Protein chains: 2
Amino acid sequence: MRTTVKDVAKAVGLSTTTVSLVLNNKPNRIPEATRKLVLKAAKELNYRPNHIAVSMVTKKTHTIGLILPDISNLYFSELAKVIEEQCHKYGYNVLYGNTNGTLEHEFEYLNLFVDRSVDAVIMTVSSNYSETDVKRLYEIGETNNVPIMMVDRTLDDPRFMSVLLDQKLGGFLATSYLINLGHKKIACITGPKNLRISIERLEGYKSALGDAGLPFDRSLVIEGDFSVDSGSRALPYILGQNATAVFSLNDMMAIGVYRECRRYHLSIPQDLSIVGFDDIFIDEFLEPPLSTIAQPVQEIGKYAVKKMMSVLEGKKNPCTDAGDTKIFKPALKVRGSALKFTEKKQI
Amino acid sequence: MRTTVKDVAKAVGLSTTTVSLVLNNKPNRIPEATRKLVLKAAKELNYRPNHIAVSMVTKKTHTIGLILPDISNLYFSELAKVIEEQCHKYGYNVLYGNTNGTLEHEFEYLNLFVDRSVDAVIMTVSSNYSETDVKRLYEIGETNNVPIMMVDRTLDDPRFMSVLLDQKLGGFLATSYLINLGHKKIACITGPKNLRISIERLEGYKSALGDAGLPFDRSLVIEGDFSVDSGSRALPYILGQNATAVFSLNDMMAIGVYRECRRYHLSIPQDLSIVGFDDIFIDEFLEPPLSTIAQPVQEIGKYAVKKMMSVLEGKKNPCTDAGDTKIFKPALKVRGSALKFTEKKQI
DNA sequence: TTGTATGCGTTATCAA
DNA sequence: TTGATAACGCATACAA
C-alpha cells in the first residue's frame with residue numbers, strides 16, 4: 001500500500017495538517033526542527049501525494065487533453081511530441097485521443113476529458129462545424145471552465161485561442177515557386193473542399209496565379225482527402241489536363257503522386273514537377289527529395305503550451321485578451337521535386 | 001458550473017443515493033417511475049459524473065499510462081494509436097509520455113502516472129536496467145498495485161507481462177532472404193549493441209548464416225543507433241568491406257543507407273541489396289520500395305490492451321499466470337530493395 | 001423503495 | 001506553531 005499523509009503524520013506524531021503544510025512549503029512559520037522531521041519521515045516512508053485526492057480539493061489536475069485527428073500521422077505525432085514535452089516541463093501530463101477526423105469523436109473526447117477535469121484542452125478540429133456545433137463546443141468549455149485552444153486548424157470564432165499557420169502564404173509560396181520555374185499549367189490537389197486549410201491554401205495558389213497574370217483554371221484543381229491514395233488517384237486526371245507541375249496541398253498526397261508516377265513510368269521532376277505542404281520528415285528521403293512548404297511544428301507546439309500555461313496561471317484571459325490568434329509563417333523548402341519548365345522541354 | 005448528483009437529487013426531491021443508484025444501474029429494485037424521473041432530470045441538467053470524485057471512491061481511474069521512447073517515431077506513433085483506440089473501446093483513456101530512451105524518464109513517468117492512479121502501465125523500456133532498476137520498477141508496480149506490461153522490448157523478469165516480437169526470427173528471415181538471393185557478403189547494421197532487440201535480431205542474422213554454411217564475419221557488422229544518420233554513416237564502412245547486401249536492423253537506418261547511396265551515386269538494389277526491419281509506412285513509397293521485416297503492430301497493440309483489460313477485470317493475475325509473455329511472429333515483406341547476386345554481376 | 005452516514009486522501013479554515 | 005474539522009463529489013453499507 002502507498003503511504004498517505006496520515007501515515008507520515010502518525011510516524012512523526014503530528015497532525016496531517018502540519019505534514020501537509022511542510023510538504024507543500026506553505027508560508028506558515030513551521031520551525032526548522034519539525035520541518036526536517038516531517039521531510040525525513042516522508043522520505044523514509046517514500047510518501048508521494050495521491051494526485052487524485054489533491055485534485056479533488058484543489059480543482060486542478062495538472063493535466064491537459066490533447067485531441068488530434070490521427071496521431072500516427074507524421075505531422076501530428078511530431079506535434080504531439082512537442083506538446084507533451086513542453087507540458088512535462090511545466091509539470092503537466094497529457095491525455096490524448098484520436099478522432100479520425102470525425103465531429104462525434106471530437107465532442108466525445110472533449111466531454112471525456114472534461115469529465116476527467118483536465119485543466120485545458122488543445123485540439124485540432126478536423127471536421128466542419130455548424131453554428132450550433134461551435135456554440136456547443138464553446139459551452140462545454142465555458143460551463144466546465146476549461147480553456148480550449150485550437151491548433152493548426154480553427155473555427156471561425158474569436159472566443160477560442162488559436163495557434164495557426166498562414167496557410168494562404170504557404171499556398172502562395174509553393175505556387176509562386178512553380179511559376180518562377182516557368183510553369184504555366186500548374187495543377188492543384190486539394191484537401192476536402194470545405195475544410196478551412198484546404199480553402200486557404202488554395203487561395204494562396206489562386207493569389208500567386210493572379211500576381212503572375214496567369215488565369216485561374218478550375219479544371220486544373222482536383223479534390224483529394226489528404227491521403228496517399230487520393231494523391232495517386234489524382235494523377236491520371238492531372239496528366240489529362242496537360243499540367244506540367246502540381247501543387248499538392250499536403251505531402252502525403254504528393255507521396256501518392258510519386259507512387260502513381262512510378263506506375264506510369266513518369267519521372268519527377270523531369271516529367272512532372274511537384275511541391276507539397278507540411279515538410280514531414282520523410283520528404284528528404286524520397287527520390288527525388290520532395291520540395292515542400294515547411295511548418296514550424298516545434299515553434300507552434302512550444303508557443304501553444306506556453307500560451308496555455310500563461311492562461312492557466314491567470315496571466316491571460318483567453319476570452320477577452322487581444323491577439324489570441326497567433327499565426328506562424330511557413331517557409332518554402334526547396335529540394336529536388338521541381339524543375340524549370342524549359343529544362344523539361346529539352347529532355 | 002457543472003451539475004452534481006446533489007443538484008439532480010434536489011431537482012427530483014430524492015436523495016443522492018437514489019440518484020446514484022439509478023445512474024449506475026445498480027441492481028436495487030428502483031421503480032420505473034422514479035427511475036425515469038431521475039434519468040430525465042439528469043439529462044435536463046446535463047449531468048455528467050465527476051470522474052475524479054468517482055475515482056476517489058472506486059479506486060479506479062479507467063486510465064492507463066503509456067510510456068514510449070518517442071511518439072514521433074513511426075513505429076511508436078502507430079502503436080500509440082492502436083493502443084489508444086483499443087483502450088477507448090474499453091472506456092479507458094491514455095496518459096502518455098516520451099522518454100527519449102532514458103532510464104530517468106522511464107521512472108519519472110512511471111512515478112508520475114502511478115501518482116495519478118493510473119490503473120495500469122504499458123511501456124517499452126529502452127535503456128539497460130540493472131538488477132536494482134528492475135527491482136525498483138517491480139516494486140513501484142507492486143506497492144501501487146498497478147500491473148505493468150512491457151511491449152516491444154522487455155526486461156528479463158518473468159514477473160512482468162510482455163508482448164513481444166520474435167526478433168531473432170525476424171533477423172533470420174531477413175538474412176535468409178538475402179542468402180537465398182545468392183549474397184555471400186552480407187553486412188549488418190545493428191542498433192546499440194547492448195540493447196536486447198539489437199542482440200536478438202543479430203542472433204537471427206548469425207543463425208541464418210550458420211544454417212547456410214556461411215561464416216559469421218565480425219567485420220561485416222557495424223553498430224548503429226537506429227537513427228537515419230547512423231545508417232548513412234555506416235555505408236562507407238560497408239562498402240569498404242565489399243559487402244553486396246546489407247541487413248539493417250531497422251528501417252530508419254536503411255533510409256540512411258538509401259540517402260548515402262545517392263550521394264555515392266550507387267543504386268539500390270543494383271549496387272547494393274538491402275533489407276530493413278519494422279515496415280514503417282513510408283517503406284513502400286521509397287525508391288525502390290524497401291523490403292523489410294514487418295511487425296504486426298495492430299495485432300500487438302490490440303493484444304496488449306486486450307490482455308491488460310482481462311488483467312484489470314481480474315480474470316488474470318499478471319504475476320502468477322503462465323504464458324504472460326506473448327510473442328508475435330514477424331514476416332518478410334518483399335518489395336524492391338534486394339536483387340539476386342548474379343543479376344548484379346551482369347550489370 | 002429510499003435515506004443517512006461514512007469514507008476516499010488531501011487541502012483549507014479557523015480555532016487553540 | 002499546531003490541530004480539529006469541514007469540504008471536494010461520489011459510492012456504498014446499513015438503516016428505515
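Treat the numbers as computed from the prediction; the structure is a model and nothing was measured. Every chain is numbered from 1 and lettered A, B, ... according to where its sequence line falls, protein lines coming before strand lines.
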Compare the minimum distances between each of dA11(D), dG9(D), dG3(D) and the side chain of L14(A), then state the nucleotide with the smallest one. dG3(D)
For nucleotides 5-7 of chain D, which of its nitrogen or oxygen atoms have a protein nitrogen or oxygen under 3.5 Å away, and what is each distance?
none

Which residues in residues 34-42 of chain A have at least one heavy atom lying under 4.0 Å from any atom of DNA chain C? none
Is the distance from OP1 or OP2 of dC8(D) to the nearest side-chain N or O of K59(A) less than 4.0 Å? no
Scan residues 108-119 of chain B against DNA chain D and write down, sorted by residue number, each residue with any heavy atom closer than 4.0 Å; if none is found, say none. none
Is the shortest side-chain heavy-atom distance between N100(B) and K81(A) below 4.5 Å? yes
Can you check the L21(B) CG to dA16(D) P distance for me, whole Å? 18 Å
Residues at least two apart in sequence or cross-chain that pass ring pair (Phe, Tyr, Trp, His ring centres under 6.0 Å) with Y129(A), listed by chain then number, are F107(A)
First encountered from the 5' end of DNA chain C, between P31(B) and N50(A): P31(B)
Kindly list each side-chain donor-acceptor pair under 3.5 angstrom involving residues 31-41 of chain A, sequence neighbours excluded, with atom names and distances?
residue : atom : partner : partner atom : Å
T34(A)  : OG1  : P31(A)  : O            : 3.1

Less than 4.0 Å between a side-chain N and a carboxylate O, is that true for K135(A) and E139(A)? yes
Bend of the helix from dT1(C)-dA16(D) to dA16(C)-dT1(D) from end-axis comparison, five pairs per end, nearest 10°, comes to 50°
